[in-house]
Amino acid sequence: MTLMKRIINNSIQGIKISCMIYLIGNMVFEYLNHGTLIMENWAFSKEVFSTVLIGIAYSAPTEIYRNDSLPFPLKFLFHMGIGTTVYLIVGFRVGWIPVQIGWGYCILIILFQLFVAVLIWLAYACHFYKLAKNMNEKILEKEKES
């Protein structure tokens, strides 16, 4: 698969995850507001566009993990740094990080977002670790048979 196809596939996966989180988040806010979720002045369109952008920002840079010359912690920082930077810019712009309620709450929101991002990353890391382990076991079995 070419680099561009991998980036597109990764981006589609990221968009799916970010849209799912967006929908669940809006359902929670609607529930907390007793069935009221008000969006005016193109807020829904802006938020959906922002959600897609964040999904791409977190998923497209995963190609960095294919680079064997960089140390793993640097890959992780590069990957999460891009996604988090885009999230912060978009979050402040769209209002997901509401400065008017105080910086203490803003920091909590940012920390929660980072927690969710790392949880998603850990889920993928565990999945690929198990996949690699199974592949290595199958290779060893084939070598023993021959």
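- Heavy-atom neighbours of Arg6 CZ from other residues, nucleotides or ligands within 6.0 Å: above the threshold of 12.
- How far CE of Met4 is from OG of Ser11: 9.5 Å, rounded to the nearest 0.5 Å.
- For Leu32, the CG atom counts as densely surrounded, since its 6.0 Å shell holds more than 12 non-hydrogen atoms of other residues, nucleotides or ligands.
- In this structure, Trp121 has its ring center closer than 6.0 angstrom to the ring center of Phe76.
- Here the closest non-hydrogen pair linking Ile7 and Ala60 is CG2-CB, 4.1 Å.
- Taking the charged nitrogens against the carboxylate oxygens, Lys138 and Glu141 have no contact shorter than 4.0 Å, which rules out a salt bridge.
- At least one donor-acceptor pair closer than 3.5 Å links the side chain of Ser18 to the backbone N or O of Ile15.
- By the criterion of side-chain heavy atoms lying less than 4.5 angstrom apart, applied directly or through intervening Ile, Leu, Val, Met, Phe, Trp or Tyr residues, Ile109 is grouped together with Leu53 in one hydrophobic cluster.
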Practice item. Just do the side-chain contact (heavy atoms from CB on, under 4.5 Å) check on Met39 and Asn26 with the steps written out, would you? Key: CA-CA 11 Å; Met39 293 193 177; Asn26 274 341; 3.6 Å; yes

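- For Tyr124 and Thr62, the side-chain atoms include no donor-acceptor pair closer than 3.5 Å.
- Under the 4.5 Å side-chain heavy-atom criterion for ILVMFWY residues, a single connected hydrophobic cluster contains both Ile54 and Ile110.
- In this structure, Asn9 and Met1 have side chains that are in contact, with non-hydrogen atoms separated by less than 4.5 Å.
- Nearest heavy-atom pair across Ile82 and Ala57 is CG2-O, 3.6 Å.
- Put simply, Met80 and Tyr129 are part of two different groups of oily side chains (I, L, V, M, F, W, Y) that touch within less than 4.5 Å, one to the next.
- The line from CZ of Phe72 to CG of Leu77 is 10.0 Å long, rounded to the nearest 0.5 Å.
- Both Leu88 and Val94 are assigned to one and the same hydrophobic cluster, defined by single-linkage of ILVMFWY side chains at heavy-atom distances under 4.5 Å.
- In terms of heavy-atom proximity, Ile38 sits nearest to Thr36 at CG1-CG2, 3.7 Å.
- The NE2 atom of His79 sits 10.5 Å away from atom CD1 of Ile64, with the distance rounded to the nearest 0.5 Å.
- Separation of atoms CG (Leu131) and NE2 (His127) is listed at 5.5 Å; rounding is to 0.5 Å.
- Taking CH2 from Trp96 and CD from Gln113, the interatomic distance works out to 10.5 Å, rounded to the nearest 0.5 Å.
- Classification of the Tyr22-Phe44 ring pair by plane angle, with boundaries at 30° and 60°, yields tilted.
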(Q) Evaluate Glu137 against Asn134 for side-chain contact (heavy atoms from CB on, under 4.5 Å), listing each step before the verdict. (A) CA-CA 5 Å; Glu137 288 172 359; Asn134 288 341; 3.9 Å; yes

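- Among all heavy-atom pairs drawn from Ser69 and Asn67, the shortest one is OG-OD1, 2.5 Å.
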List the steps, then state whether side-chain contact (heavy atoms from CB on, under 4.5 Å) holds for Thr51 with Ile21. CA-CA 9 Å; Thr51 299; Ile21 291 170; over 6 Å; no

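- Residue Ile97 holds its CD1 atom at 16.0 Å from OH of Tyr105, rounded to the nearest 0.5 Å.
- Lys133 is not listed as a side-chain neighbour of Asn136, based on a closest heavy-atom distance of 4.5 Å or more.
- Counting heavy atoms from C-beta outward, Glu63 and Asn10 have side chains that approach closer than 4.5 Å.
- By the rule that hydrophobic residues join a cluster once side-chain heavy atoms approach within less than 4.5 Å of another member, Leu114 and Trp103 end up as members of one cluster.
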